[in-house]
Structure formats: structure tokens, C-alpha cells
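A quick note: this is a predicted structure, and the numbers were derived from the prediction, not measured. Every heavy atom of this structure was used, including side-chain atoms; hydrogens, water molecules and symmetry mates were not.
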Amino acid sequence: MPKDPICGMDVDESSPLKLEKDGQVYYFCSGHCKEKFLKEAQSHPKPQASALPLKGRTLYTCPMHPEIEQGHPGDCPKCGMALEPKSPLVEQEQPAESHEINFLRKKFWIGVWLTLPVVFLSLTAKAMPDAVRYLQWALASIVVFYCGGFLLAKGWQSIVHRHLNMFTLIGLGVIVAYSYSTVVLFLSPPSYLYFESACAITVLVILGQWLEARARGQTGQAIQSLLGLAAKEAHLIKDGREEQVPVDQVQKGDLLRVKPGEKIPLDGIIVEGRSSIDESMISGEPMPVEKNTGDRVIGATVNQTGSFVMRTEKIGSETLLSQIVHMVSEAQRSRAPIQGLADRVAGYFVPAVIIIAVITFFVWLFVGPQPALTYALVNSIAVVIIACPCALGLATPMSIMVGVGRGAQAGILIKNAQAIERAETVTHVLVDKTGTLTEGRPKVTALIGPQPLEALGLAASMEQNSEHPLAGAVMNYAKEKGVKIEAVRHFESITGAGVRGQVNGKTVLIGKQKFIEESGAVIPEDLKKEASQMQDNAQTVVWVATEGKALGIFGISDPIKKTTADAIRALHGMGLKIIMLTGDNRKTAEVVAKQLGIDQVEAELNPQGKQNIVRTFRDQGAIVMMAGDGINDAPALAQAHVGVAMGTGTDVAIECAGMTLVKGDLNGIVKVLGLSRAVMHNIRQNLFFAFIYNALGIPIAAGVLYPFFGLLLNPIIAGAAMSFSSVSVITNALRLRRFRL
């Protein structure tokens, strides 16, 4: 049964919602999915895994060469690495990594048990009878061609595709050792045989491949753990009845009941009830979040105390969890600019190694001691084996994969590896005020007057008819205080001034001071002074009056997030400059900046103004990180070296940013910068490990120490060193999983 390419649901082939495109037929579960498919197809001419699978199958790609794509598992023609599924959202019977690990485990253990007698028999050397030599050859043949056949095939493919890589060198070393020994065995008198070298090298390389496959599997645990968070079933309310259904049958607009202790099935809005919800699996924050009617809830988070009814808003690939998984998967496959250095080195490295091996062979053949051919062969093979650039190729991708996964677990979604590398060098952090430094929701922070409770009740009764953001702040405050709300008659809104109406027969005025005074109400001087102080503290003042006298004033402001001050101190501790960009008036912005210790304020800006300031800093040589959450921040986010969107913000802001903080918290930027520095430090360590092994190993393998100390490097030891270099890189990269953010 085909799957919907957007949400992954099974679709009957008889469905009328199908589409033929580019010679392929796609089936859809709903008109919405079909519409989204067409939009993505238009914006992505090249098929994308999440939107345009090849005939319903998963696309497979290479972690180190993402331009390589095919519709079935296999090996990369450039580096020989096993291809991985491009979209983790597509369910498979068994992950590709599992097949690869089982295959390598089997080949390794068979190779070990066959190699041990070959090595043991080689210890008798010249004393071996011919029958034992033939047994050694037979066992070596099984190890080289059965256990290590896939290595030779990868080496051959590298030659066919003209992309020389580590498998080129491995195949060359193993085949030379095996072929030389075979020729000597059958055509020459008893002499030195190197079957044990061919076997040991093969087994050690398989061991390295096995460990590497397991490590790459571990880097995907962040994605697998996220996928495992999704709820499998939901309580659907339909026609007054409640039934339990699979989550993939839920449609947009459906009402779902969520009971205590259950996972929230999908993204939506609470329409009835209240609860506290554990969102740590998405945001990384351990404290439960209180949710009331009208609040948004995220699929896969855990409902704790209360029961509520929610209206579904996002399904399938639209949910936050699906977007997180897709973004993490894309970022893990992306390439940091520093990877270009490793690629350029590797491009020249393999041919250079082959040339060095050839020179080594002829130098030992003509200058070395007797038997010259044996010394020449052994040393040239050792050069080829120890120089395998597998560690060099793994150095950057492994760190990126682990680092992106670690960030996802902490609520940091990284769109690409380039953002990680650039974030390390950031010098200036530009932040929007509303929704980034502040909560982004107006809130009553003060209520002063001779009759504050009466003023609150009258104001809430009047504001229930208004859609103004300040009216919402008054209503929320009234709910918190449990104030009774009365019916309103003769409600009238005066644009730019306030509102007028009757509550319980009394005429009530709410609005600006000028509006209250012009209506004839008496305002005490002490209230005027209080109002002036509120305005000096960046609060908006709303007056309440009835029957010709003022009852009180509301101080309404957008409160600063609790974590903002600590985050800014931490950023200053990193040596960064903090600049606020806001569309608010300068007086309000400067008050907030002074409270937080922000270095510079740019106020009363439109979207173009914010973008221009980002461009100005860039032109001055600054490395700019921009953090914002609104549509008006999108141009600046796109203009910055690194754009960081608050996950609580708009979709367009998130699309324009290189990173997204699931929990819209400036403290996440501190985590982003810490993670970036840790990842880049880890990459440099890996590159050092890779280069140092080759820099020291190749000369020793070529025999430069022999004239002074009589030391030579056995090909078996070279194979072990080569595998150990890869294991060192992988182990070092996996340390990032335990990095504390």
C-alpha cells in the first residue's frame, strides 16, 4: 500500500486524490497534503526526501557526500560509506544501520576465527609442510574474498568511478599481499608468505567498519528517541462520543481528549480544561508548564495533572516533532565549510600515498637488504595500509552528527552545519525586544487607585468586548484575581482614545488620561504622579473612571523574561556585544536596555531598518548573530551570519534562521554558542588525530627509522594503527553526547 508523501499515512491506490508527476504516481490522504506536495514540488525542483520520495520509497544519501542520492540502500561511489535513509520519518521494517551492523558483525567473527589459525601457522614459517601452506592459503582466501569481498568491491568501485579513497588503499594492500603470497606458493620454492598480513588487515578493517557503523547508529539515537516520543493513539471526540483511534487517523479540527499521564497526540489548542504539561522532551526545560484554555500544546509532550480537550491544528509532517526530526536529519547530513579542507586534502592524499608506496617499493628493492623483494613488498604495503584516510573523512561529519543530535535534545534545532561553524566566531549578538527579551504578551504589572478592585471589575466587564492586546491583558488579570464580569450596555469605542459603556447602570470610561479628562472626570494629582512614574518605567497607562471620578490606573507592560538578564550576563562573559533592535519607541527601549545592561539600542525600526543595521555591522567586519521571533525580524535573520529564531515565533522567522530555539528563551543563545564552540573544538581535535597518524605513520612505514634503529612497521601493525585512528576520531566525537549545555 503506497504512503502519502507528505504525512506518511497509508493510502489506498483507489483514492481519487492521486497525482502523476515526472512519470511517477503519488497518492494522498487529503486535499491538504496534495496541495502542500505541489507547493513543495514547486519550491524544490530537485526531489526532496520528505516531499518527493522515489515511487514511495526512501531516498538514501551519503553522510559525507550529500549530493549522492538513490532510491535504495548501497554504498557511496565516492567514499564507499554505506548510504543512510535521507528521511527518518519514513518507517522501515529494519533500519539500514541495523542491516549494516549485523552484516559487519558476521563478517568480523568469521574472519577472526579463520585468521587465528593462519597467524598461528605463519609462526612456523619455513618449517611448514606444503599441505599446511595450502591450508593457510585456503583459509586466507575465505577471509580475503568472503569476509573482505565487500571491501575489495568498494576499492574497485572507487577506481571505476575515479574517486580514490580509503578502500582503494585497503584493496590495493590486501590484494598485493595475497597475490604475492599465492604466486610464491604455487610457482616458487618455499619462501616468505604474507597470508597472515592480508587476513589480519582485512579483519582489522572490518572491525573498524563495524565500530564506525555502531557509532553512526549512536549518533542517530537523538532522532530515534524523538521519533519514539510520538503518541500512537488518541481519544477522538465525535458526535458527542469518545473513541480511541490511531493518531494517523486524526484530521485537522478534530477534538481530542487528553487525560492525566498521557502523551499529547498532536499539536493544537486547548478548548476546554487546564493542566500542567511536561515539555522537557521538546524544550529541554525540566519544569512543567501551566496551560489554560486558549494555550497551545505540542504533540509528544506529557500531560501531568489535569484533563483537557484540544482542537487539532497540525498533523503528520506539520507537527513540531516532525519538523524537529526533519530539521535534525537535514542538519546532520549538512557539511561545515571546514569539511572542505579535509576534502581537498583527501583528494590529493590518496594519489600521493600510492606514489610514496611505489617509491618505497623501488628504494627497498634496489637499496634494501636481502631478500630485497620481501622488504620492498612489506614496506610498500605498510605505507598503503597505514595511510588510509578514513579518519580524515570521518573527522568533521561525526562531530556534526553528534553535535546536532545533542542540540536537538536540548531544544536547539540547527538547520545546517554552516551555522554551527559560523556561530563559533560571532562577535555581536543583535536581538529583537518583543518576544525575545520580553514575553511578547502585554501583562498588567500594576493597579493603583482609591478603589482598585472596583476598577478592575468595571474594566474587565468593558474590555470583554474589545480585541485590543491591552484589553486581553486586563481580562487575564481579572481572571487571575477571580473578579466577576458583568454585562455591558451601550458599548462604544473611540478610536485612539478609549471605550465608553454602561455597567449596572453606571457610565464607565476606560482609556487615555486625555480621554478621561475631556469626559469631565476628576483625576487626583497623586494618580497623575503615579501615572508619570509608570510611563518612566516603560509601562503603558490605562485609566478607569465612572460617575465623574477616576477609580484607578493600570500599568501594562511586556515583562522581561526571567532568564533574559542571566543570559545577557553570560553573553557578556563570552566577550560579545549585545545590541537591541526594536520597533518600539526609544524611551521604552532604553528603559529595558538599562535594566538588562545592553550595550546599544536601535529603536523605532521597521523590518528594512533592522536589516540595514545588520548589514552595517557586517560591513564593519563584525560576525553577526541575529535573534528574533516575528515576521518583521525575517529580513534581519536572513541578512545575519547566523540567524536564531525563537520557536515561539512565526514560521517565516523560523524559515529564515539557521537555528531555532524550541523554547523562545535568550538563554538558548548561550547554549548555542557553547555547543558551537564545543563542536568546532571537537572537529579540530579529530583533524589533528587524523593528520598525526598519517604524518607519523607513513614515514615509519616507509622505513625511515630502519637505518638508525633497525625498526620496520609490519603491515598487520599498520592495519591496527589505521583502524585505531578511526576509532579515536569516532570516540572523540561521541564525547559531545555528554556535553553539558
Side-chain angles (χ1 to χ4, degrees), residues 292 294-295 432-483 485 488 491 493-501 503 508-517 519 521 523-524 526-546 550-562 564-565 580 582-596 603-604 629-630 648 664:
N292 297 294
D295 289 340
D432 175 49
K433 181 180 76 69
T434 305
T436 303
L437 299 176
T438 65
E439 295 286 353
R441 295 187 299 272
K443 188 175 182 180
V444 174
T445 52
L447 174 55
I448 300 173
Q451 296 170 285
L453 289 180
E454 183 181 355
L456 178 58
L458 292 174
S461 299
M462 291 289 293
E463 298 288 24
Q464 66 181 312
N465 297 306
S466 175
E467 296 182 353
H468 194 281
L470 298 183
V474 172
M475 290 297 298
N476 290 334
Y477 189 67
K479 288 180 182 178
E480 291 176 10
K481 298 298 182 181
V483 173
I485 298 176
V488 178
F491 180 84
S493 176
I494 295 86
T495 303
V499 296
R500 178 189 291 114
V503 178
V508 180
L509 306 172
I510 299 178
K512 296 180 179 180
Q513 179 177 336
K514 183 179 180 181
F515 170 63
I516 301 297
E517 290 177 330
S519 300
I523 299 178
D526 59 338
L527 273 188
K528 290 183 179 180
K529 291 179 180 179
E530 293 285 355
S532 178
Q533 289 180 1
M534 286 181 179
Q535 291 172 335
D536 290 339
N537 290 325
Q539 296 182 23
T540 299
V541 177
V542 177
W543 291 79
V544 182
T546 183
L551 296 182
I553 52 175
F554 290 91
I556 301 177
S557 63
D558 186 3
I560 296 171
K561 292 179 180 178
K562 295 179 181 179
T564 298
M580 179 199 295
T582 180
D584 281 359
N585 66 76
R586 178 164 293 278
K587 184 175 181 180
T588 300
E590 288 178 345
V591 170
V592 173
K594 185 177 180 180
Q595 291 176 354
L596 295 174
E604 301 174 4
D629 71 333
T648 51

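The nearest pair of heavy atoms linking Val541 to Ala531 is CG2-O, 3.6 Å. Taking all atoms of both residues into account, the shortest heavy-atom contact from Ala478 to Ala460 is CB-CB, 3.5 Å. The shortest non-hydrogen separation linking Val503 to Ser461 is CG2-CB, 4.2 Å. Pairing each heavy atom of Ala459 with each of Val544, the nearest pair is CB-CG2, 4.0 Å. For Ala473 against Val444, the heavy-atom pair with the smallest separation is O-CG2, 3.6 Å.
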Exercise for the section: Would you sort out whether Val483 and Tyr477 count as a side-chain contact (heavy atoms from CB on, under 4.5 Å), showing the intermediate values? Expected result: CA-CA 9 Å; Val483 173; Tyr477 189 67; over 6 Å; no
Exercise for the section: Just do the side-chain contact (heavy atoms from CB on, under 4.5 Å) check on Val474 and Val542 with the steps written out, would you? Expected result: CA-CA 10 Å; Val474 172; Val542 177; 5.6 Å; no
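Taken to the nearest 0.5 Å, the CG atom of Leu527 stands 12.5 Å off from the OG atom of Ser532. Note that NZ of Lys481 and CG of Asn476 are 13.0 Å apart. Values are rounded to the nearest 0.5 Å. Once rounded to the nearest 0.5 Å, the distance linking CE of Met534 with CD1 of Ile448 reads 3.5 Å. Considering CD1 of Ile510 and CE of Met462, their distance stands at 5.0 Å, rounded to 0.5 Å. Atom NZ in Lys443 sits 15.0 Å away from atom CZ in Phe554 (nearest 0.5 Å). We find the CG-CD1 distance between Leu458 and Ile485 to be 11.5 Å, quoted to the nearest 0.5 Å.
For Glu517 and Lys528, the salt-bridge test passes: some basic side-chain N is under 4.0 Å from an acidic carboxylate O.
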